[in-house]
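Below is one structure, written out as structure tokens, with a few remarks after it.
The shown structure was predicted, so the numbers you read here are calculated from the model rather than taken from an experiment. Residues: numbered from 1 along the sequence shown.
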Amino acid sequence: MGGGDSDIAPHPEKIKIVATCLVVSVGISLLGFYLKSGAEWRSNWSLSLNKNKKKKKPIRVYMDGCFDMMHYGHCNALRQARALGDQLVVGVVSDAEIIANKGPPVTPLHERMIMVNAVKWVDEVISDAPYAITEEFMKKLFDEYNIDYIIHGDDPCVLPDGTDAYALAKKAGRYKQIKRTEGVSSTDIVGRMLLCTRERSISDSHNHSSLQRQFSHGNSQKFEAGGSGTGTRVSHFLPTSRRIVQFSNGKGPGDDARIVYIDGAFDLFHAGHVEILRLARTLGDFLLVGIHNDQIVSAKRGAHRPIMNLHERSLSVLACRYVDEVIIGAPWEISKDMVSMQLNLFFVLVFPSVQ
């Protein structure tokens with residue numbers, strides 16, 4: 001008979017349905033795997049990016065200097081250096097090194113340290129730095145302080161033996177250069193002081209107007225006492241709105257900020273000024289500093305003052321980390337309207353010695 005050995009063929013429609021289900025099932029599985037893998041890949045990629053961001057090393061730059069009788073030119077150099085990296089480390093040359101290479105400094109190391117620490121673009125300060133970048137000190141900068149680049153101005157810095165103080169840094173390919181600020185130097189300021197002292201000594205017998213004011217306006221003057229030497233131009237500074245913006249914080253006080261106001265001449269900006277401004281800043285949230293104009297300073301302090309003109313003094317104050325804003329050409333007397341309406345001052349400080 002052989003009936004039990006015969007095969008029964010499946011219905012074609014059933015085969016089609018089963019095949020379709022298998023295809024759909026496999027497709028769904030593959031789609032799920034793809035979506036899961038894609039999500040995991042995107043997650044890992046995002047984590048990798050965040051990890052790389054966290055691992056990104058800040059660029060640390062180093063700049064050194066004597067910073068004797070610190071002025072706005074020094075501050076502008078530090079501002080430019082800071083713009084070349086993320087963190088600025090500043091080396092302040094020791095008194096002994098300055099004496100050996102240039103002659104005795106006017107201000108001692110501890111005062112120069114106070115001045116450099118007060119500059120708002122400075123992140124870290126190294127005391128007793130060498131005058132020249134030696135092999136040993138350069139290695140210390142790279143290994144211990146993680147310095148990436150050594151910065152200096154475009155003016156030559158030559159050692160007593162005639163060699164370049166930054167030759168090793170240049171050879172190592174770790175040197176960057178900034179533009180020197182024209183019109184001011186510590187030597188220039190000492191010259192202004194000597195001229196103004198001379199003016200003061202002959203003022204009783206000669207009716208001279210302020211040398212500082214005349215020279216800052218481009219005039220010259222001859223001294224009649226003891227000869228006919230021609231006076232040297234005192235101020236070469238040309239103020240621009242761009243430079244003032246560069247030094248400004250660009251932020252005003254908050255709605256509920258306690259605004260503290262202090263005014264003065266702030267001539268020959270020094271460590272005493274820094275300490276007064278530091279203390280003033282602790283009394284509120286926003287420190288506003290009024291800078292008296294040249295005419296007021298001259299009338300109140302004598303015809304031989306100020307040594308630095310209004311805009312030079314304003315930049316020195318603006319560079320201080322404790323100062324939020326300045327009034328250039330502030331009035332000598334503070335009116336009630338100025339306190340309550342125009343400036344909404346919380347505290348007004350009066351320091352008769354701020355000159």
Side-chain angles (χ1 to χ4, degrees), residues 45-68 70 72-98 100-102 105 107-159 163-181 246-247 249-250 271 274 278 318-322:
W45 181 71
S46 179
L47 288 172
S48 177
L49 279 181
N50 292 333
K51 194 174 182 181
N52 289 335
K53 285 182 180 178
K54 290 179 181 178
K55 280 187 175 181
K56 185 182 177 183
K57 176 183 174 292
I59 297 174
R60 286 168 62 83
V61 295
Y62 172 82
M63 185 174 192
D64 59 12
C66 301
F67 303 105
D68 195 18
M70 194 161 181
Y72 69 91
H74 292 133
C75 298
N76 192 44
L78 295 174
R79 180 191 66 80
Q80 293 181 75
R82 180 62 171 75
L84 295 176
D86 302 307
Q87 297 172 357
L88 173 61
V89 180
V90 180
V92 182
V93 178
S94 67
D95 292 341
E97 284 278 282
I98 297 176
N101 290 277
K102 297 180 69 173
T107 50
L109 177 62
H110 74 276
E111 289 187 18
R112 292 185 284 118
M113 287 288 293
I114 291 172
M115 296 301 293
V116 174
N117 267 304
V119 177
K120 61 187 176 184
W121 298 290
V122 175
D123 298 291
E124 189 177 339
V125 180
I126 300 174
S127 180
D128 291 309
Y131 188 82
I133 301 293
T134 62
E135 190 80 48
E136 179 185 1
F137 186 68
M138 188 168 68
K139 187 177 186 304
K140 184 177 182 180
L141 288 176
F142 295 158
D143 296 343
E144 295 184 23
Y145 291 96
N146 298 315
I147 298 300
D148 295 291
Y149 297 102
I150 294 171
I151 316 294
H152 187 64
D154 56 9
D155 52 319
C157 185
V158 182
L159 298 174
T163 59
D164 184 354
Y166 295 89
L168 291 175
K170 292 175 181 178
K171 186 178 179 181
R174 306 282 285 274
Y175 176 85
K176 287 191 176 184
Q177 193 167 277
I178 59 171
K179 185 174 176 58
R180 183 185 180 278
T181 304
Q246 289 172 340
F247 274 55
N249 289 340
V274 169
R278 184 188 68 80
L318 270 173
C320 181
R321 67 172 69 251
Y322 307 115

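Under the 30°/60° scheme for interplanar angles, the aromatic rings of F67 and H74 are found to stand perpendicular.
For residues 126-138, there are no side-chain hydrogen bond (donor to acceptor under 3.5 Å, both in side chains) pairs, not counting sequence neighbours.
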Chi angles and distances behind the side-chain contact (heavy atoms from CB on, under 4.5 Å) call for L84, I151: CA-CA 9 Å; L84 295 176; I151 316 294; 3.8 Å; yes
Candidate pair V122 and L78, rule side-chain contact (heavy atoms from CB on, under 4.5 Å), full reasoning: CA-CA 7 Å; V122 175; L78 295 174; 3.9 Å; yes
Steps toward side-chain contact (heavy atoms from CB on, under 4.5 Å) verdict (V274, M115): CA-CA 7 Å; V274 169; M115 296 301 293; 3.7 Å; yes
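Of the N and O atoms on the side chains of K120 and N249, at least one donor lies less than 3.5 Å from an acceptor on the other residue. Y166 and D64 form a side-chain donor-acceptor contact under 3.5 Å, judged by distance and modelled atom types alone.
Between atom OG1 of residue T181 and atom CG of residue N76 there is a gap of 3.5 Å, rounded to the nearest 0.5 Å. Summarising the geometry, atom OH belonging to Y62 is positioned 14.0 Å from atom CZ belonging to R174; distances are rounded to the nearest 0.5 Å. A distance of 4.5 Å separates SG of C66 from NZ of K102, quoted to the nearest 0.5 Å. One finds the CD1 atom of I133 at 15.5 Å from the NZ atom of K171 (value rounded to the nearest 0.5 Å).
Counting heavy atoms from C-beta outward, V61 and V89 have side chains that stay 4.5 Å or more apart. By the 4.5 Å heavy-atom criterion applied to side chains, M138 and I150 are counted as neighbours. For the pair Y175 and L168, the minimum side-chain heavy-atom distance is 4.5 Å or more. Side chains of D164 and K170 form a contact here, defined as non-hydrogen atoms less than 4.5 Å apart. Side-chain contact between I178 and H152 is absent, with no heavy-atom pair separated by less than 4.5 Å.
Within the cation-pi definition used here (under 6.0 Å to the ring centroid, within 45° of the axis), R79 does not qualify as a partner of F247.
By the 4.0 Å N-to-carboxylate-O rule, K57 lies too far from D86 to be salt-bridged with it.
Residue D123 forms a side chain to side chain donor-acceptor pair (under 3.5 Å) with just one option from Q87, R82, R60, and that option is R82. No option in L109, I98, D68, I126 other than L109 meets the side-chain contact (heavy atoms from CB on, under 4.5 Å) test with V92.
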